[in-house]
Number of protein chains: 2
Amino acid sequence: MKSSVEPLKARRIYLLLRDRIIAGDLPPGGRLPGEPALAAEHAVSRVTVRRALDLLEKEGLVQRKPGSGTFVHDSRAVRPIVADLSNVLSHLIDMGRSTDVKLLSFGYVAPPEAIAESLGLKPGERVQRSVRVRLIDGEPFSYLTTHVPEWLGLTYSEAELAARPLLELIERSGVKTERATQAINATLAGPEPAAALDLEIGSPLLTLTRIVHDPSGRGVEHLHALYRPDRYSFHMDLVRIGDDGERRWSPALGRPRASDTAKIDKNKAGEKPTRGSRAIKQRS
Amino acid sequence: MKSSVEPLKARRIYLLLRDRIIAGDLPPGGRLPGEPALAAEHAVSRVTVRRALDLLEKEGLVQRKPGSGTFVHDSRAVRPIVADLSNVLSHLIDMGRSTDVKLLSFGYVAPPEAIAESLGLKPGERVQRSVRVRLIDGEPFSYLTTHVPEWLGLTYSEAELAARPLLELIERSGVKTERATQAINATLAGPEPAAALDLEIGSPLLTLTRIVHDPSGRGVEHLHALYRPDRYSFHMDLVRIGDDGERRWSPALGRPRASDTAKIDKNKAGEKPTRGSRAIKQRS
DNA sequence: CAAAGCTGTATTATCGATCATACAGGTTCC
DNA sequence: GGAACCTGTATGATCGATAATACAGCTTTG
């Protein structure tokens, strides 16, 4: 299998430029540095820069004008979904966007040690492992791997997992969930997540690891979520707390404010604002 | 300038394996899949897998035993620093670790449009831009770019910025800061952050963008922070809120608990990804 | 108009990552 | 002991991304 050697320097430049565009660092409509300048900046040949720009153009992020320059295309194509800290997407649903879940894998396995430890399992105990992909408007944006102790996983079926939020199933079994800890980090896309999220291997991803505990402190769910950063990000409002000598911030609680939800998806179908429709809150 | 073509497939596999090890997916002390298996899994030749393992071994993350296998080195290598939501590092300092700040760049410039907008600046207004790197125990872990309206930036000197927290300087000028919004995301390291954080270009990074407002809602600081995910991550405790039909989480307030702070970075692992000089050959 | 800068296009050459293959020598386990 | 793993090592060939260079045609600017 000879397979292809991918254009990696070029792709990297593509990704970097793409990031800057999405981040708004390069103003929409503005001109980016000339090809020779970019070549020098990244210490590559102009040919390579050219290939990166080809990709950007093919994705519609950029428009080239011969003799003039290369410009950031106005229609800001990609704006991330906004989620608050608790990872709630309900306001998305309120806005009439459809989310969907695909179950990629389901089964009972021996857990990796780190997961066994975080769930407080005894050696030898097995877990239910599931991998799901969440879509919004048909596009995948998150890749969820969950591990649940076997005794708990057996209280629901594969079909139920595909259809209903895991947390709901857990509670249905009588387990109370009141506390959780989570960590947010970044990583690179491996082969499976890349395929599921429609990304290149090596693309950056946001990660969220959450461990849910029942009132006794026992771990009942281990969630590992990977998010496409161009389609998802965490937002939060902060307020100052502590005495004025102390420079501390604290998350502002309460429902997402109007200004937050307003940021969602600017140009995509300016639907009616906040229809109090029924909620199919899907979440994990 | 021919310069080198980097071993990119190999490096990618290296990064992916490294991630899995750090994440604890591959249990410390455990054996990883054989070289032929890894080669098949990533659809590359064994030689390439080998190169990835060479890097892991050189960093001490892995130990190879001829005839037996390749094992995850026990000394739990790199534990990220834990920060709570408000991005407070004070507990680190409490623990006797030394943090340091290096000022890389300081000046007054015309802001990118996105920043001007977020700070609510009038067209033509200039901003003070600074780039700083934060170190812990001598190792860089975050790359901070701040933009402050010119009128505010002029109230302190470059030397003061290098020595004192920006927020303190802002308050000293009489501006009150009570609210902020922030977003967390992921991206890839560009040339400058990569150099400053001692990373390869294309490494994954955690990003934090925070905009601080004064009581009138005027933006007074735009902070863009990049974090090395192997040295820094966000942690938080969550509690359930809402009526029981509602599956919502809310961050638990209060100071970081002991169990959190205990997780901080155990032993420092070494060696930057060596990879020769190449690259940053600025030829402006 | 003319200079300067830009993108489009073409050609040639190089170099190194990667592949495919083979064999040596150690370990594990039955 | 011996089969079946594993890592270590060596080899030659390939192939494609990248570099270097040159020139065309267009646009902008003074």
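By convention in this document, chain letters (A, B, ...) are assigned in the order of the sequence lines, proteins followed by strands, and residues within each chain are numbered from 1. This is a predicted model, so every value here is computed, not measured.
In this structure, the nucleotide among C/dT18, C/dT9, D/dG8 sitting nearest to the side chain of B/A10 is C/dT18. Distance from the side chain of B/T48 is smallest to C/dT18 among D/dT9, C/dT18, C/dT7. Looking at the side chain of A/V47, the nearest of the listed nucleotides D/dA19, C/dT7, D/dG8 is D/dA19. Closest to the A/R64 side chain, of the nucleotides D/dA17, C/dT7, C/dA17, is C/dT7. Of the listed nucleotides (D/dT7, D/dT18, C/dG8), D/dT7 has the atom at the smallest distance from the side chain of B/P36. In this structure, of C/dC19, C/dG8, D/dA19, it is C/dC19 that holds the atom nearest to the side chain of B/S45.
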Would you list the protein and nucleotides 1-3 of chain D atom pairs, both N or O, that sit under 3.5 Å from each other?
none

I'd like a list of close polar pairs between nucleotides 22-30 of chain D and the protein, N/O only, cut-off under 3.5 Å.
{"residue": "D/dT27", "atom": "O4'", "partner": "A/G67", "partner atom": "O", "Å": "3.3"}

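If you measure from atom CG of B/L55 to atom P of C/dA17, you get 11 Å, rounded to the nearest angstrom. Here C/dA17 presents its C1' atom at 17 Å from NE2 of B/H42, a figure rounded to the nearest Å. Atom-to-atom, CG of B/L53 to P of D/dT7 comes out at 8 Å; the value is rounded to the nearest Å. What separates CD of B/E35 from P of C/dC19 is a distance of 14 Å, to the nearest Å. Taking atom CZ on B/F71 and atom P on D/dT7, their separation rounds to 9 Å, with Å as the unit.
Here CG of A/L199 is found 7.5 Å from CZ of A/R231. Values are rounded to the nearest 0.5 Å. Separating the CZ atom in B/R64 from the CG atom in B/D54 is a distance of 4.5 Å, to the nearest 0.5 Å. Rounding to the nearest 0.5 Å gives a distance of 11.0 Å between CG of B/L226 and CG of B/N185.
Checking each of A/K9, A/E59, A/R51 against A/Y14 for a side chain to side chain contact (heavy atoms under 4.5 Å, CB included) leaves exactly one that passes, namely A/E59.
Contact record, A/L205 with A/P193: CD1-CB, 4.5 Å, taken as the closest heavy-atom pair.
Using a 30° and 60° split on the angle between ring planes, A/H222 and A/H147 fall in the perpendicular class, above 60°.
At C/dT18, one or more side-chain N or O atoms of B/R51 fall inside 4.0 Å of OP1 or OP2 (strictly under the cut-off). At the phosphate of C/dT7, OP1 or OP2 sits under 4.0 Å from a side-chain N or O atom of A/T70.
Looking at residues two or more places apart in sequence or on another chain, you find a side chain to side chain donor-acceptor pair (under 3.5 Å) between B/T48 and B/S45.
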B/T146 vs B/E221, side chain to side chain contact (heavy atoms under 4.5 Å, CB included): CA-CA, chis, key distance, verdict: CA-CA 7 Å; B/T146 57; B/E221 178 195 354; 4.0 Å; yes
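Aromatic rings from B/Y232 and B/F234 are positioned such that their centres are separated by under 6.0 Å.
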